[in-house]
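Per chain, numbering begins at 1; letters A, B, ... match sequence-line order.
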There are 2 protein chains.
Amino acid sequence: MSTTVVTPFKHEGHDHDHCVDDALARAERQCERRGVRLTPIRRRVLELIWRRHEPMKAYDLLDMLRAERRSAAPPTVYRALDFLLEEGLIHRIESLNAYVGCGDPDRPHVGQFLICRHCNAVAEMNDADVHKVLADKAGDLGFQVGTQTIEINGLCPICRDQGHALNAV
Amino acid sequence: MSTTVVTPFKHEGHDHDHCVDDALARAERQCERRGVRLTPIRRRVLELIWRRHEPMKAYDLLDMLRAERRSAAPPTVYRALDFLLEEGLIHRIESLNAYVGCGDPDRPHVGQFLICRHCNAVAEMNDADVHKVLADKAGDLGFQVGTQTIEINGLCPICRDQGHALNAV
DNA sequence: TACGACGTGTTATATTGTTGCACAAGCAAG
DNA sequence: CTTGCTTGTGCAACAATATAACACGTCGTA
């Protein structure tokens, strides 16, 4: 089984406070190791992203930031996001213009995302088979693969079990 | 081999006029069959997209439209794009906010795109193995797959052969 | 003819992301 | 410690992408 579940769906009963604290602690350790600064703004943005455990839009983050920091403006948020992306602490979901926390920031990687169209939950996989079959097929066409953007829209286990259907977006 | 190359890279020596005319003729036939109207605006937008054979941005299309139709405004372009997307005549590249022609509009499908970071050329694959491995892996996690967004950034055969490197974006 | 569906024109607005410059905070060399 | 460098932040404006709302026109058809 080559699947690594980097960030699972937020299942019922998971201790979300703990999950967020964990992510922040990991981020702090990693930044220290790398000699980069997880400043209060950057830390707060990362926390806001993890708190919701679903893709967060830049301007939603901005609104939240503004509630506690009068000076917050678009560049405030985008700079923090750029830093967090750079350090691998978050990923950008292209199909949503939104950002999610990364459960495994240590190694640089691109994620393979499963996005629930009903509840917006996101899980991140990192599956070597997926990566390989894409790289092989692209290679057959003479294409040299750089970064893969893979975003699957559908229904998460919980929403599926609740009888929500794919066709009704 | 489960790979279908829906739209190949524009290789040297390919007769681009013919390629564009073909795409337009196919589009016309398909719209007629379906009883929908490929109006002059819609046809022109489709033609502009095919002409360049690379991802086209909405506002670039708008600028071109405006050159020949004074009344063109953002809704003019976006309505045409919506129609063309709906009919499967073009695809949207999420990671670029751009649009490309589809070489096989007949059957509804989502494409798997190879995008050259050097020359911006795009090829569309539609590979059943890729689709299946993703669906299987997602299924293992209890996720029901709806639509797949797959966009691979890298180097097309020509740019690769010319010695361009991946790391230099 | 009258109606209804569809396509377009027009204006305004919403959403998402960037540039440029000034200032402040942390840090290292002398 | 202080000078100077690098990095982070404040702030104002702007650029790029996309949608809303409503009026009007065209065309097929009852």
Integer-rounded Å distance: C/dT8 P and B/Leu62 CG: 15 Å
Atom-to-atom span, CZ of B/Arg42 to C1' of C/dG9 - whole angstrom: 15 Å
B/Asp21 with B/Arg26: basic N within carboxylate O range, under 4.0 Å: no
N-O pairing of B/Glu54 and B/Lys10 below 4.0 Å: no
Test applied, side chain to side chain contact (heavy atoms under 4.5 Å, CB included); reference residue, A/Ile150; option that passes from A/Leu114, A/Leu134, A/Val110: A/Leu134
4.5 Å side-chain heavy-atom contact, A/Thr7 and A/His53: yes
Value rounded to 0.5 Å, distance of CG in A/Leu155 from CZ in A/Arg160: 8.5 Å
Nucleotide-resolved protein contact map, nucleotides 14-27 of chain C, B/S/- at heavy-atom distance under 4.0 Å: --BBBBB-----S-
Contact under 4.0 Å: B/Ser71 side-chain N or O vs C/dT8 OP1/OP2: no
NZ/NE/NH1/NH2 to OD/OE distance under 4.0 Å, A/Asp106 and A/Arg33: yes
Donor + acceptor pair across side chains of B/Ser95, B/Glu151 (<3.5 Å): yes
Range on DNA chain D touched by chain A - first to last nucleotide, heavy-atom distance under 4.0 Å: D/dG8 to D/dA12
Close side-chain approach of A/Thr39 and A/Phe83, heavy atoms under 4.5 Å: no
